[in-house]
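Proteins come first, then strands; the chains are lettered A, B, ... in the order of their sequence lines, and each starts at number 1.
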There are 2 protein chains.
Amino acid sequence: MLATEFKQAITAADRVLVQIRTAIVEGDIPAGTKISEPELARRYDLSRAPLREALARLERCHLIERTPNAGARVVKLSIEGLRSLYQLREELEGLACRLAAEHMTEQDIAEVRALLDQHLSTQRVREGESYYQEAGDVDFHYRVILGSKNPYLINILSDELYFLVRMYRVQLGMNGPRVSRAFDEHKAIINAIANRDGELADLLMRRHIAASRRNIEQQLLQQGTSHD
Amino acid sequence: MLATEFKQAITAADRVLVQIRTAIVEGDIPAGTKISEPELARRYDLSRAPLREALARLERCHLIERTPNAGARVVKLSIEGLRSLYQLREELEGLACRLAAEHMTEQDIAEVRALLDQHLSTQRVREGESYYQEAGDVDFHYRVILGSKNPYLINILSDELYFLVRMYRVQLGMNGPRVSRAFDEHKAIINAIANRDGELADLLMRRHIAASRRNIEQQLLQQGTSHD
DNA sequence: TTTTTTATAATTGTCGACAATCCAATGCTT
DNA sequence: AAGCATTGGATTGTCGACAATTATAAAAAA
């Protein structure tokens, strides 16, 4: 066996977790839907045991809300929820930036820069397709988070909060000039990290996230007032 | 039915979760122990289904570490772990203080002050018994965290990080003059919150937590060098 | 008509058994 | 004797069925 391939057994619970998770994030299972264990078990063709394991993890990342003996519902997107979530995100990713400026190696930084260049080229090709921007943005933030080298911080941000963040972004979308500006902001952040200026990276990251929040907030307000 | 009593069915998984969790935090199940599902099922006299649910939640609050198809182990306490954990705690509870200064009602604040007075009297009676100090401290921090009124922040701190924090504190203990100083620091923090001075409350809380960390660090170092 | 009660149905929580996977010890080959 | 394949034991993952609880809706009483 090669040294590169870790033998982590992919279990049925893992598979169905990924399936349901993306279904919720992408909106295939609409927000607010009641979750029925027997129905999902039939739909994904497995027993309830691994399904419940998957549901437990979905609850962990705030994509569903469970009440004992009463079932689970897909979380609803709201302005208050968005603000609470992004309040935390600003703080945590700001911290991640300060730590990344301290702990990232030169090679780590070089890799992120290569990543950004790659994003730029693919974005020029696929102009306007927001999905690639979405994936690229997540990827950039993920790298910085890993760069903090704090396992608890990494766990909270990438395993718990980020799927909900993606849900807001996918369902309410990035639009307008933000898509193109994000690249420059990413560049500025990695530059600050490369200069080992944690405070600046922190500040830039907070502004970056705050701008993103305002963008989604507007979408939420427009959507809320238009057809209701 | 009265309006005060929420009908949340206590399930078997909840019970065994509390039992095992306290057993780990108090050290009855030593750090680093291999977890055997059949053994624990016999010991707590229930099936493996609710036990696995409990283990999943224990993993969530970082008290055990699982690898698929290979079982789970109780987490080991280490200096690096402590630093990573408290780094996050400083940041998050600092944020909690800023938000609490903004969102706590006058009544909330009055209740916390009553709590502190109560702690002071019980501490005078039970001088030296660190357990009460431990419980009182947790209680104080818990109140401030709730005062932030940010559900995600509350969840992360009180449901995920705090049991591990307690494990460090219970197993490595509070000692010396810190026990008595903590009261004054708590007082200062709630005063700052009452004055709606979030920045000061933030600063004081960070110092408070940093002091606690240094205290536990020393215990860890002494223990590590003495009998090894 | 409104409220309370009751019974039915569906859902969740739990159980014991089976299947798949991994760890350790043993025996075989070089 | 050292390294590697193999087998045995134990553990985890999964399944289908049962028990307990809750929500729904119909029926009875105010």
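Considering only side-chain N and O atoms, A:Thr11 lies under 4.0 angstrom from the phosphate OP1 or OP2 of D:dT14.
Taking atom CZ of residue A:Arg42 and atom P of nucleotide D:dC15, one finds them 15 Å apart after rounding to whole Å. If you measure from atom CZ of A:Arg52 to atom C1' of D:dG13, you get 15 Å, rounded to the nearest angstrom. Residue B:Leu17 contributes atom CG, which lies 14 Å from atom P of C:dG13 at whole-angstrom precision. One atom, CD of A:Glu37, and another, P of D:dC15, lie 14 Å apart when rounded to the nearest Å. Atom CG of A:Leu46 is separated from atom C1' of C:dA20 by 16 Å (rounded to the nearest Å). Whole-Å rounding puts the B:Arg15 CZ to C:dT14 P distance at 8 Å. Here D:dT21 presents its P atom at 13 Å from CD1 of B:Ile10, a figure rounded to the nearest Å. What separates CD1 of A:Ile64 from C1' of C:dT12 is a distance of 13 Å, to the nearest Å.
With hydrogens and angles ignored, the 3.5 Å screen pairs a side-chain donor or acceptor of B:Tyr168 with a backbone N or O of B:Leu82.
Electrostatic pairing of B:Arg83 and B:Glu217 counts as a salt bridge here, judged by a charged N lying under 4.0 Å from a carboxylate O.
Applying the side chain to side chain contact (heavy atoms under 4.5 Å, CB included) test between A:Arg57 and each of A:Asp159, A:Leu63, A:Asp14 identifies A:Asp14 as the sole match.
As judged by a 4.0 angstrom heavy-atom cut-off over every strand, B:Ile35 is placed among residues touching the sugar-phosphate backbone only. Among the atoms of the strands shown, base atoms are found under 4.0 Å from some heavy atom of A:Ala49.
For the residue pair A:Ser212/A:Asn215, the side-chain donor-acceptor check at 3.5 Å is not satisfied.
Among the nucleotides D:dC15, C:dG13, D:dT12, the one closest to the side chain of A:Pro50 is D:dC15.
Where A:Ala13 and A:Arg48 meet DNA chain D, the nucleotide closest to each residue was compared, and A:Ala13 sits on the side nearer the 5' end.
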